[in-house]
Amino acid sequence: MSKRVMVLLAPGFEEIEAVSVIDILRRAKVNVQICSTTEKEYVTGSHNITIKSDVRLDFIDIYNDEYDLIYLPGGVPGVNNLAENENVIALLKKYDEDGTYIGAICAAPWVLNEAGILKEHDATSAPTFRDKISPKSYLDKVFVSSENILTSRGAGTSMEMGFSILETLGLKEESDQLREDMQYNFLFEHVNE
C-alpha cells in the first residue's frame, strides 16, 4: 500500500522546499497530496511561483483521513499564514496526538512551536529562527528526527529532507536509488574538486 503524505501550502511558501520534497516523494511512488490552506486552488510562493493544489484543507476530514506524514515547507510569509490558520493548527495537534510523522523545514518548525508540539522534541531550523523556537534540544544538523517530528534547515537541505522522509517512511531502498539516480551522491563525492 502506497504511503500518503500531505504537503501544506500557504501563500508565501518557499518553493524549493516544497517542490524538491514533493518531487522526490512522487518519484518514489508516494501518494502526495498538495494541500492549499486557503479557499483557492492555486497557491503562490514567496518567489512568485504558483503551484496548483490537489486538495484544499477545508475539504480534509482530519478525524477520518489518514496520512503517514504531514509536511510543511518554510518561507515568509508562508509560515505566518500557516501559524495563523486555525485549521492548520488543529490538524497539526490532531496528527501529533496520533503519532503521525510531521516534517517541517527552515522557518516551519516555528509553526510546530506555535502549535505547542515542538517542546518535547529535538529540532533544527533556519538559523534565523533558532531563537524563535523552544524545542527540547536545538541541534545544528541538516536533518533531525525526534520521534514523530522531522526537521531540517532550509532550501539547501530540502533534497536531503526528501530522502530522509522516504527513509523514515520505510522506503530506504527507494531513497538510496534516488540519491544515485539524481546524482546526489556524486555531488558530495566531488564537491571540493
Side-chain angles (χ1 to χ4, degrees), residues 1-10 13 17-18 20-22 24-26 28-37 53-74 78-79 82-126 129 132-139 141-153 157-158 160-176 178:
M1 185 170 179
S2 178
K3 300 291 185 180
R4 286 185 85 207
V5 171
M6 178 194 300
V7 177
L8 292 173
L9 294 189
F13 68 94
E17 294 165 4
S20 294
V21 171
I22 292 166
I24 287 168
L25 297 180
R26 285 190 173 170
K29 308 292 186 242
V30 172
N31 177 359
V32 178
Q33 287 195 310
I34 302 169
C35 181
S36 170
T37 60
S53 65
D54 301 311
V55 66
R56 291 185 359 215
L57 185 57
D58 54 357
F59 293 162
I60 300 288
D61 179 354
I62 67 171
Y63 298 99
N64 293 305
D65 283 349
E66 293 185 18
Y67 290 89
D68 297 289
L69 185 136
I70 309 300
Y71 175 69
L72 288 71
V79 294
L82 289 171
E84 293 168 4
N85 186 314
E86 292 176 8
N87 292 330
V88 168
I89 299 302
L91 177 140
L92 292 173
K93 288 180 176 182
K94 167 69 170 86
Y95 284 116
D96 181 57
E97 286 173 13
D98 293 346
T100 301
Y101 289 113
I102 300 172
I105 191 169
C106 193
W110 174 73
V111 180
L112 307 187
N113 196 79
E114 294 298 291
I117 62 175
L118 195 61
K119 61 185 174 286
E120 299 300 321
H121 299 280
D122 297 335
T124 192
S125 69
F129 273 75
K132 296 178 183 175
I133 63 173
S134 302
K136 182 170 71 174
S137 296
Y138 186 93
L139 303 175
K141 293 175 130 185
V142 169
F143 175 79
V144 175
S145 175
S146 181
E147 296 176 25
N148 67 313
I149 303 298
L150 315 174
T151 53
S152 190
R153 294 180 66 84
T157 65
S158 57
E160 183 60 38
M161 182 70 161
F163 297 131
S164 296
I165 285 172
L166 287 178
E167 292 170 18
T168 300
L169 294 176
L171 302 171
K172 182 167 181 1
E173 189 175 306
E174 291 85 343
S175 176
D176 290 346
L178 284 171

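Residues Gln33 and Asn31 have side chains in contact (heavy-atom distance under 4.5 Å, counting atoms from C-beta outward). When side chains are defined from C-beta on, Leu150 does not count as touching Ile102, because their heavy atoms never get closer than 4.5 Å.
A donor and an acceptor atom, one from each side chain of Asn148 and Asp96, are located under 3.5 Å apart. A side-chain N or O of Thr124 and one of Arg153 form a donor-acceptor pair less than 3.5 Å apart.
At least one donor-acceptor pair under 3.5 Å links the side chain of Arg26 to the backbone N or O of Val32. Side-chain N or O atoms of Glu114 include none that pairs as donor or acceptor with a backbone N or O of Ala83 at under 3.5 Å. A donor-acceptor pair is defined here as one N or O able to donate and one able to accept, closer than 3.5 Å; no such pair exists between the side chain of Tyr71 and the backbone of Ile165. When atom types are taken as modelled, the side chain of Ser175 and the backbone of Leu171 share no donor-acceptor pair closer than 3.5 angstrom. In this structure a side-chain-to-backbone donor-acceptor pair under 3.5 Å is present from Ser2 to Lys29. Side-chain N or O atoms of Asp98 include none that pairs as donor or acceptor with a backbone N or O of Thr100 at under 3.5 Å. Side-chain N or O atoms of Asn113 include one that pairs as donor or acceptor with a backbone N or O of Ser134 at under 3.5 Å. In terms of modelled atom types and a separation under 3.5 Å, the side chain of Ser53 and the main chain of Cys35 share no donor-acceptor contact. Not one N or O on the side chain of Asp68 forms a donor-acceptor pair closer than 3.5 Å with the backbone of Val5. Using modelled atom types, one side-chain atom of Thr37 and one backbone atom of Leu9 make a donor-acceptor pair closer than 3.5 Å.
Listed by chain and residue number, nothing satisfies the salt bridge (charged side-chain N to carboxylate O under 4.0 Å, His left out) test with Glu120 (two or more places apart in sequence, or in another chain).
For NZ of Lys141, the number of neighbouring non-hydrogen atoms (other residues, nucleotides, ligands) closer than 6.0 Å is 12 at most.
Note: Leu166 CG to Glu173 CD = 12.0 Å, rounded to the nearest 0.5 Å. Interatomic distance, OG of Ser146 versus NZ of Lys136, reported as 5.5 Å (0.5 Å rounding). Expressed to the nearest 0.5 Å, how far CG of Leu178 lies from CZ of Phe163 amounts to 6.0 Å. To the nearest 0.5 angstrom, Glu167 atom CD is 10.5 Å from Ser145 atom OG. Rounding to the nearest 0.5 Å places CD1 of Ile117 at 13.0 Å from OH of Tyr95. Separation of atoms OG1 (Thr168) and CE (Met161) is listed at 8.5 Å; rounding is to 0.5 Å.
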Does Leu25 form a side-chain contact (heavy atoms from CB on, under 4.5 Å) with Leu69? I'd like the steps, not just the answer. CA-CA 11 Å; Leu25 297 180; Leu69 185 136; 5.6 Å; no
Please assess Ser158 against Ile105 for the test side-chain contact (heavy atoms from CB on, under 4.5 Å), listing each intermediate value before the final yes or no. CA-CA 8 Å; Ser158 57; Ile105 191 169; 3.9 Å; yes
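Contact detail for Val30 and Lys3: the closest heavy-atom pair is CG1-O, 3.5 Å. Summarising the geometry of Tyr67 relative to Arg4, their closest heavy-atom pair is OH-NH2, 3.3 Å, with the distance given to 0.1 Å. Here the shortest heavy-atom pairing between Asn85 and Asn87 reads OD1-N, 2.8 Å. In plain terms, the two heavy atoms of Leu8 and Pro73 that are nearest each other are O-CD, 3.2 Å.
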